[in-house]
Number of protein chains: 2
Amino acid sequence: MTSRKVVSFENIKVACKNCSLATLCLPMGLTPDDVERLDSIIKRGRPYHRGDHLYRGGDKFHSLRVITSGSVKTYSPNEDGGEQVLGFHLPGELIGLDAIQDDCHTCSAIALETTAVCEIPFSQLESLSAIMPSLQHQMYRLLSREIGQDTEMLTLLGKKSAEERLATFLLSFSERFKQRGFSASDFFLSMSRHEIGNYLGLAVETVSRLFTRFQDENLLRVERKHVQLLDIPRLYDIVQGCDSAKSSQSRG
Amino acid sequence: MTSRKVVSFENIKVACKNCSLATLCLPMGLTPDDVERLDSIIKRGRPYHRGDHLYRGGDKFHSLRVITSGSVKTYSPNEDGGEQVLGFHLPGELIGLDAIQDDCHTCSAIALETTAVCEIPFSQLESLSAIMPSLQHQMYRLLSREIGQDTEMLTLLGKKSAEERLATFLLSFSERFKQRGFSASDFFLSMSRHEIGNYLGLAVETVSRLFTRFQDENLLRVERKHVQLLDIPRLYDIVQGCDSAKSSQSRG
DNA sequence: AAAACGACTTGATCAACATCAAGAATTTCT
DNA sequence: AGAAATTCTTGATGTTGATCAAGTCGTTTT
């Protein structure tokens, strides 16, 4: 009888209105009424474990997904067995947008740790957005944001040095953890060095060496997946490129 | 009096329904009625000349734009004076999607030659799409397609050799010219070597050397901006990466 | 037409990062 | 707990493509 009254952890946040991510996620900026309507089409399944696929390239597309806890890697398997890591996704982030185009996933998504997601059936979302201008607007914005992020990544891969790439990567996580209420300077990375390198267009060895070098330069402390950023301003200087980093070094 | 009856070239294709690009462009797949409604919000201005900006990073966003003739380069100016070329756009292609996110252009667009565009005021498009499910769907698909294209580009910049990059670049133009009813093997590139290099993450000199090498290998003939692809299958082999190109060479 | 400028090409050298190789630390399996 | 398998680190070497430098070609200016 008491057990009937126990509210499980999953049930507590089973609605958008109770979800701490609401300000980062699809409901962002919607009125409570609109959130309620959106909520009604969302499905919440049981968590994925490390290594489980949320979907694979080629799968028929039916739902967008929002990570609610844990983290996910998206990647596109390429002809010769290798893969291109496309992104690492944290709670509140929406994945699967690339699949709208022709109703078919073009990349794969895999859980990097125990991970929970909300599934949003796209056809229902589409119908809902047709009668909810605010939701339609939100969808356009999110799709546009994704494009913006991709173009930033193009600049990273096209023009930046290995050092700038890793600094950008670390600061991206720093900012995203901060947004989510976690420490901006002390966090765990859920992906391997190999995956970081793949994502940044670098060899594993280069990533490893850079971590060591950044540590030697007192920019951070790193032990395996645990990273502590010790000098965030200087990391930002590195991201800017070229000699501005040195001038800042002499400051300190 | 006769002059009144003369229909100018611009007027002939002043409506989507008469436009040869309709099958590549926003109206793609819409019913004639829907095309008519979409057409009613589209503005057609006078052409831009080489070097004219369609918009600049930081400009307030009001319209998406479709190239109707000519070609456009999009780029994002970066802090240190340089720029990252983000894309080259041909007739039928939609630009400005990145600006939806926060009502502000994040990159600049410049005409590479005399270029005409259709302007689609976004707020009107948005309203229209709320009452035209087919248009809404089309918008979602186009935004999704853009994301897909960007992720392909990420793989190109993250993993491919200079040779693979240039071959991919050339075949992309080949395919796009073909779609538009032009020759897939004989065309003019409207951008400079410098711009190609910037786009592909390569130095000008590397691009130049590759053109020379491709010509020496009878893959193409090139003279300044004029390119003739002589062995498209082998170019595709190069795009695939690694040794498959050699095996094909021995075929020929 | 001559001069000046910019785009492109070609060669020589250099540097950043990849690759190869081996060993250390961790995790997983039994 | 011990063995096997990963993951990560570090060092040595190699290669791709950048950079530097000079010259050619083409276009624009006067």
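Heavy atoms only: backbone and side chains are in, while hydrogens, waters and symmetry mates are out. Letters A, B, ... mirror the listed sequences (proteins, then strands); counts begin at 1.
Whole-Å rounding puts the L210(A) CG to dT9(D) P distance at 11 Å. Nucleotide dA16(C) holds its C1' atom 14 Å from the CD atom of E205(A), rounded to whole Å. Between H194(B) atom NE2 and dA18(D) atom P the separation is 12 Å, expressed in whole Å. Atom CG in L189(A) sits about 17 Å away from atom P in dT26(C), given to the nearest Å. Residue E163(A) contributes atom CD, which lies 14 Å from atom C1' of dA15(C) at whole-angstrom precision. With rounding to whole Å, D216(A) atom CG is found 12 Å from dT10(D) atom C1'. Distance R50(A) CZ to dT28(C) C1': 12 Å, rounded to the nearest Å. L166(B) has its CG atom 12 Å from the P atom of dG17(D), to the nearest Å.
As judged by a 4.0 angstrom heavy-atom cut-off over every strand, G201(A) is placed among residues touching the sugar-phosphate backbone only. Nucleic acid contact for A162(A): sugar-phosphate only, since backbone atoms but no base atoms lie under 4.0 Å from a heavy atom of the residue. Base engagement by S208(B) is indicated by at least one non-hydrogen atom pair under 4.0 Å involving a base atom.
For dT10(C), the OP1/OP2 oxygens have a side-chain nitrogen or oxygen of T212(B) closer than 4.0 Å. Phosphate proximity of dC25(D) to R224(B): absent, as no side-chain N or O sits under 4.0 Å from OP1 or OP2. In this model, the phosphate group of dA7(C) is not approached by any side-chain N or O of K225(B) to a distance below 4.0 Å at OP1 or OP2. Residue T206(B) places at least one side-chain N or O closer than 4.0 Å to OP1 or OP2 of dA18(D). For R209(B) and dT9(C), the shortest distance from a side-chain N or O to OP1 or OP2 is not below 4.0 Å.
Taking the side chain as every heavy atom from C-beta outward, H62(A) and E119(A) approach each other to under 4.5 Å.
One finds a salt bridge joining E93(A) and R180(A) here, because a Lys/Arg side-chain nitrogen approaches an Asp/Glu carboxylate oxygen to under 4.0 Å. One finds no salt bridge joining R50(B) and E113(B) here, because no Lys/Arg side-chain nitrogen approaches an Asp/Glu carboxylate oxygen to under 4.0 Å.
Between F88(B) and F173(B), the angle of the ring planes lies from 30° to 60°, which puts this pair in the tilted group.
In the set dC17(C), dC8(D), dT19(C), dT19(C) carries the atom at the smallest distance from any side-chain atom of A203(A).
Closest-nucleotide positions on DNA chain C for L202(A) and R193(B) were compared, and the one nearer the 5' end corresponds to R193(B).
From I110(A), atom CD1 reaches atom CG of D52(A) across 8.0 Å, with rounding to the nearest 0.5 Å.
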